[in-house]
Amino acid sequence: MRPLRADFYRRPVVEVARDLLGCTVVHGATAGIIVETEAYHEGEPASHAFVGLTARTRPLFGPPGRAYVYRSYGIHALLNAVCEAEGVGAAVLIRALEPTRGLEEMRARRGAVADDRELCSGPGKLTQALGVGLEHNDTDLARGAVRILARVEGWEPGGVTVGPRVGITRAAEVPWRFALAANEHVSRPRPGARRAAAVRAG
DNA sequence: CATGGGATTGACT
DNA sequence: GTCAATCCCATGC
C-alpha cells in the first residue's frame, strides 16, 4: 500500500469521499481502514470553508492532499483530507475506521471501551485512538506523520451506504455521507440528530 | 475586547 | 432522551 498522492484528492470532493472508503490511515504503529466519510464543500453552509478564507480555514483552501485538523466542541480533534484544486475550499471528514494495527496502543489511548468496535467508531474517537491532534493540521498526508494509504489491490467496497451527514444544522439534507454498509465499525447515527431531514423528505 | 456556537462523546435519567 | 465538558475562532461592538 502506497500513500495517496495529490492527484487523488484533486477531484470533486464527493468522489474522493466515496473513494477513500477502504483506504488506510496510519500514524506511528497504529492504523485503520476508513469505513465512513463525509464530504464538505465551500459552496454549502455546513462547510467551514463557507465563510471564506480565514486563519482557521486556510488549510482548506490550500493544496489537496494535506490534513485539516480542528478542535470540535473544545474537546475533540477531527481529521479531514483537503480536496479539489488549490484555492477551492473542500475536504473529506474521516468519520470512522476499522482498526488494523496497534490495537493495544489504541485501547490505552481510548481508555476503557466495551469492545474494539468502539475504538474508532466516530470522528473524535479515531483521532484519539491514533494520537492525531491539532499539531497535524496542514501536514502532508503522503509524507507527514499521518498518512493515508491506497486501497489494497483487488479491494472491493461491497455495499456502500449513502445518506445525510451527521451532527450538522445547516444543509443537513445533502446526502454526502458514505459508509461501508455491513461494517461493524461505523459511527452510530445520532438518534437525537435532527429529524429535520426526514421530516422534510416526508 | 466580549461573546456565542459548534462536522462530539460519554455519563446519567 | 437529556446534558455537560471545553476551547478555538468568527463576529460584532
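For clarity, every value in this text was computed on a predicted model and none was experimentally measured.
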_Distance flag, aromatic centroids of H48(A) and Y70(A), threshold under 6.0 Å_ = yes
*asked:* Please pick, from dA10(C), dT9(B), dA7(B), the nucleotide with the shortest atom-to-atom distance to any side-chain atom of V51(A).
replied: dA10(C)
*Y73(A) on top of dA5(C)'s base, within under 5.5 Å and under 30°?*
no
_Gap between atoms CD and C1', on E44(A) and dA7(B) respectively (whole Å)_ = 10 Å
*asked:* Need one value for R165(A): base, sugar-phosphate or nothing, where a base atom within 4.0 Å counts as base even if backbone is also close, heavy atoms only.
replied: nothing
*Please give, in whole Å, the distance from dG5(B) C1' to Y70(A) OH?*
13 Å
*Using the ring of F178(A) (Phe, Tyr or Trp, six-membered ring only), decide whether R165(A) places NZ or CZ under 6.0 Å from its centre and within 45 degrees of its axis.*
no
*asked:* Counting only side-chain nitrogens and oxygens, does T54(A) get under 4.0 Å of the OP1 or OP2 atom of dA10(C)?
replied: yes
*asked:* Less than 4.0 angstrom between a side-chain N/O of R95(A) and OP1 or OP2 of dT8(B), yes or no?
replied: yes
*Rounding to a whole Å, what distance do you find between E42(A):CD and dA10(C):C1'?*
18 Å
*Nucleotide paired to dC1(B) in any strand shown, Watson-Crick or G-U, under 3.5 Å*: dG12(C)
_Need to verify one output field. Residue with the more 5' nearest nucleotide on DNA chain C, L134(A) or I75(A)?_
I75(A)
_Atom pair distance, as rounded to whole Å: CG in N137(A) and P in dA7(B)_ = 16 Å
*Is the closest basic N to carboxylate O distance between E36(A) and R177(A) below 4.0 Å?*
yes
*Nearest whole angstrom, please: distance from the C1' of dC8(C) to the CD of E135(A).*
15 Å
_Closest-nucleotide 5' rank along DNA chain C - winner of H76(A) and A55(A)_ = H76(A)
*Whole Å only: how far is the CZ atom of R110(A) from the C1' atom of dA11(B)?*
14 Å
*Choosing from dA10(C), dC8(C), dA7(B), which nucleotide comes nearest the side chain of R71(A)?*
dC8(C)
*Between L126(A) and R170(A), which has a closest nucleotide on DNA chain B that is more 5'?*
R170(A)
*Is it the case that R109(A) and Q128(A) place a side-chain donor and acceptor less than 3.5 Å from each other?*
no
*Over how many whole Å does the gap from L78(A) atom CG to dC9(C) atom P extend?*
14 Å
*Can you tell me the Watson-Crick or wobble partner of dA4(C), both distances under 3.5 angstrom?*
dT9(B)
*Roughly how many Å is it from CG in L60(A) to P in dC9(C), rounded to a whole number?*
12 Å
*asked:* Check this for me: does any side-chain nitrogen of one of E184(A) and R117(A) sit under 4.0 Å from a carboxylate oxygen of the other?
replied: yes
